[in-house]
There are 2 protein chains.
Amino acid sequence: MADQRKQRTVTALLDAAEELLRHRPVDDVTVDEIAESAGVAVGSIYNHFGSKAGLHAALVERALQVDRGFMDLAYRSGTTPVEQIRAAAEQYLAFYLTHPDYFRMLAFPAPPGRYAAGQELSERLARAVDEQNQRLVDAIRRGVAAGELRAADPEQVATVLWAAWNGIISLAWRPDPLRHDEARLRALLQTATDVIAHGLLVTGTPDR
Amino acid sequence: MADQRKQRTVTALLDAAEELLRHRPVDDVTVDEIAESAGVAVGSIYNHFGSKAGLHAALVERALQVDRGFMDLAYRSGTTPVEQIRAAAEQYLAFYLTHPDYFRMLAFPAPPGRYAAGQELSERLARAVDEQNQRLVDAIRRGVAAGELRAADPEQVATVLWAAWNGIISLAWRPDPLRHDEARLRALLQTATDVIAHGLLVTGTPDR
DNA sequence: CCTACTTTTGCAACGGTTGCAAGAGCTGGT
DNA sequence: ACCAGCTCTTGCAACCGTTGCAAAAGTAGG
């Protein structure tokens with residue numbers, strides 16, 4: 001196998017990209033620059049990462065402690081499931097506000113390109129996202145067991161919450177008058193949290 | 001003013017694009033083809049629509065009866081506000097399932113390009129989206145007035161619902177194992193509707 | 001050393017987009 | 001009718017990300 005050569009190429013590209021992106025926005029750095037800086041051919045980017053975005057995503061994977069660090073704050077022990085769910089929403093927004101590029105890659109990933117390596121990377125990132133979502137599932141499960149939360153499918157509810165947060169936060173980069181700034185995002189998330197906690201229906205209102 | 005010439009160019013491009021996209025997916029049609037078919041220069045696409053995507057979006061605007069038609073079904077008279085909100089979620093999904101391109105353009109619009117025309121188009125589409133959202137606001141408002149829904153800011157709640165639906169439906173085009181097919185989308189939307197109706201907290205559970 | 005296999009290369013080509021000077025069309029004023 | 005000023009359009013080189021592919025290079029086992 002040519003694993004060593006392959007690994008050398010991957011590492012060179014990651015190191016080069018990391019160094020270049022440390023000082024300039026990803027849109028200002030060309031694939032030619034990265035390849036040249038890494039001392040490899042441009043085609044290798046696509047071979048191993050699927051696209052420029054895939055290479056950027058691989059840097060995210062390297063730095064996935066970021067997501068974990070934020071979510072660790074949400075799930076610290078000593079807090080109730082309800083508190084954890086509430087904190088998860090807040091920390092998810094904080095993650096977006098400090099790392100918008102990373103956030104968007106995880107919440108709304110680009111296609112992985114046509115080579116196996118890009119697809120594997122895409123799947124690894126999805127698994128990392130799912131890990132975080134499982135923590136939300138666990139919190140919901142504990143809440144139900146503790147009698148604090150209504151009996152519900154924790155997996156489904158967690159996915160709904162996560163997808164809803166994604167949708168709300170996506171208003172932050174709309175390029176039109178429907179765009180929301182940070183303050184409005186916070187207010188929206190607060191409203192969402194309230195609705196999700198207490199529901200919309202007045203007790204006794206028929207469901208249909 | 002050269003409004004007539006401008007209008008001729010815009011109309012030629014829209015007609016050409018509409019005809020070409022009737023038979024082939026947008027990804028299979030090049031900007032060169034559209035411009036040639038319209039008898040204009042490629043640069044005019046960017047002048048008037050900002051991008052290829054903007055031209056496609058302008059076709060959406062032409063066909064915005066689509067969104068309206070779906071949402072009309074949700075808001076038909078004779079149904080309660082609660083029923084209308086429930087139906088809006090279902091019709092929003094139906095809109096995505098039958099017109100995925102249009103849906104994505106409205107829910108997650110691309111940047112409008114650097115010319116005024118593209119930006120104006122972007123704003124017109126945002127206004128059209130907001131019109132539909134206002135119908136949701138009205139339904140919530142009527143629900144609150146009828147004592148069926150808890151007192152809440154109808155604008156905020158409507159935005160939360162809409163953004164949440166966007167986030168949930170966006171799982172449909174994820175290019176990774178977290179992607180959801182139609183059946184799972186329906187189940188998710190059902191769960192979301194339940195959570196939004198009744199909330200997650202058991203009555204009496206402290207909020208924090 | 002040779003063979004087979006994998007990875008890398010270099011680069012033309014593709015498609016979307018940009019910038020811009022020159023050309024063309026249009027309108028109002030004289 | 002002619003002219004000046006203005007707006008829109010043109011054509012195309014250049015840019016960027018991406019693709020396809022034959023040839024080259026690297027690696028490992030026999």
Side-chain angles (χ1 to χ4, degrees), chain A residues 1-14 16-17 20-21 24-58 101 105 109-122 175, chain B residues 1-14 16-17 20-21 24-58 101 105 109-122 175:
Chain A
M1 295 161 262
D3 268 359
Q4 290 193 14
R5 180 175 52 166
K6 187 168 170 179
Q7 194 53 56
R8 278 201 312 273
T9 304
V10 167
T11 303
L13 280 169
L14 286 172
L20 288 167
L21 296 184
R24 294 156 56 206
V26 65
D27 287 341
D28 288 356
V29 180
T30 66
V31 285
D32 281 334
E33 279 184 82
I34 297 171
E36 188 172 331
S37 179
V40 306
V42 163
S44 293
I45 293 182
Y46 300 93
N47 221 20
H48 293 288
F49 302 103
S51 63
K52 183 185 176 186
L55 173 54
H56 195 202
D101 283 356
M105 262 179 226
R114 58 197 294 276
Y115 300 106
Q119 287 161 5
E120 282 164 21
L121 173 63
S122 173
Chain B
M1 298 163 262
D3 269 359
Q4 289 192 18
R5 179 175 52 163
K6 188 169 171 178
Q7 194 54 55
R8 277 201 312 273
T9 304
V10 167
T11 303
L13 280 170
L14 286 172
L20 287 167
L21 296 184
R24 294 157 54 209
V26 64
D27 287 341
D28 287 357
V29 180
T30 66
V31 285
D32 281 335
E33 277 185 82
I34 298 171
E36 187 172 335
S37 179
V40 306
V42 163
S44 291
I45 294 182
Y46 300 93
N47 222 20
H48 293 287
F49 302 103
S51 63
K52 184 185 175 184
L55 174 54
H56 195 201
D101 282 356
M105 264 178 224
R114 58 198 293 278
Y115 300 105
Q119 285 160 6
E120 283 163 21
L121 173 63
S122 174

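Note that these values count all heavy atoms, side chains included, but never hydrogens, waters or copies made by symmetry. Just so it is clear, the structure is predicted and the values come from calculations on it, not from any experiment.
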Rounded to whole angstrom units, what separation is found between the CZ atom of B/Arg8 and the P atom of C/dA24?
15 Å
So, using side chain to side chain donor-acceptor pair (under 3.5 Å) as the criterion, who are the partners of B/Thr11 when residues are at least two apart?
B/Gln7
Rounded to the nearest 0.5 Å, what separation is found between the NE2 atom of B/His56 and the CG atom of B/Asp27?
9.0 Å
Protein-nucleotide distance (A/Leu55, atom CG; D/dT18, atom P), rounded to Å
10 Å
Would you jot down, in residue-number order, the residues of residues 45-53 of chain B having a non-hydrogen atom under 4.0 Å from DNA chain D?
B/Asn47, B/His48
Atom pairs and distances, side-chain donor-acceptor, residues 28-35 of chain B, under 3.5 Å, sequence neighbours left out:
from	atom 1	to	atom 2	distance (Å)
B/Thr30	OG1	B/Glu33	N	3.1
B/Glu33	OE1	B/Arg24	NH1	2.9
B/Glu33	OE1	B/Arg24	NH2	3.3
B/Glu33	OE2	B/Arg24	NH2	3.1
B/Glu33	OE2	B/Thr30	N	3.2

Tell me: CD of B/Gln4 to P of C/dG28, nearest whole Å?
11 Å
Identify whether any heavy atom of B/Val29 sits under 4.0 Å from a base atom; if not, whether one sits that close to sugar-phosphate; answer base, sugar-phosphate or nothing.
sugar-phosphate
Rounded distance (nearest 0.5 Å) linking atom CG of B/Asp101 with atom CG of B/Leu21:
9.0 Å
Please give, in whole Å, the distance from D/dC8 P to B/Leu13 CG?
15 Å
Whole Å only: how far is the CG atom of B/Leu20 from the C1' atom of C/dG15?
15 Å
Can you give me the N/O atom pairs linking the protein to nucleotides 19-23 of chain C at distances under 3.5 Å, or say none if there are none?
from	atom 1	to	atom 2	distance (Å)
C/dG19	OP2	B/Arg114	NE	2.7
C/dG19	OP2	B/Arg114	NH1	2.9
C/dG19	OP2	B/Arg114	NH2	3.1

Is B/Thr9 near enough to D/dC8 that one of its side-chain N or O atoms lies under 4.0 angstrom from OP1 or OP2?
no
Can you sort out the partners of B/Glu120 under side chain to side chain contact (heavy atoms under 4.5 Å, CB included), two or more places apart, ordered by chain and number?
B/Ala116, B/Arg124
Restricting to non-hydrogen atoms, name the atom on A/Ala57 and the atom on A/Leu121 that form the minimum distance, rounded to 0.1 Å.
CB-CD2, 4.4 Å
Of all of residues 32-41 of chain B, which get a heavy atom below 4.0 angstrom from DNA chain D, listed by number?
B/Gly39, B/Val40, B/Ala41
Residues which pass side chain to side chain contact (heavy atoms under 4.5 Å, CB included) with B/Ser44, listed by chain and number, not counting sequence neighbours:
B/Thr9, B/Leu13, B/Val40, B/His48
When rounded to whole Å, the NZ to C1' distance for the pair A/Lys6 and C/dT8 reads 12 Å
Between the protein and nucleotides 12-14 of chain C, list every N/O to N/O distance that falls short of 3.5 Å.
none

Taking every heavy atom of B/Pro175 against every heavy atom of A/Ala110, the minimum-distance pair comes out as CG-O, 3.4 Å
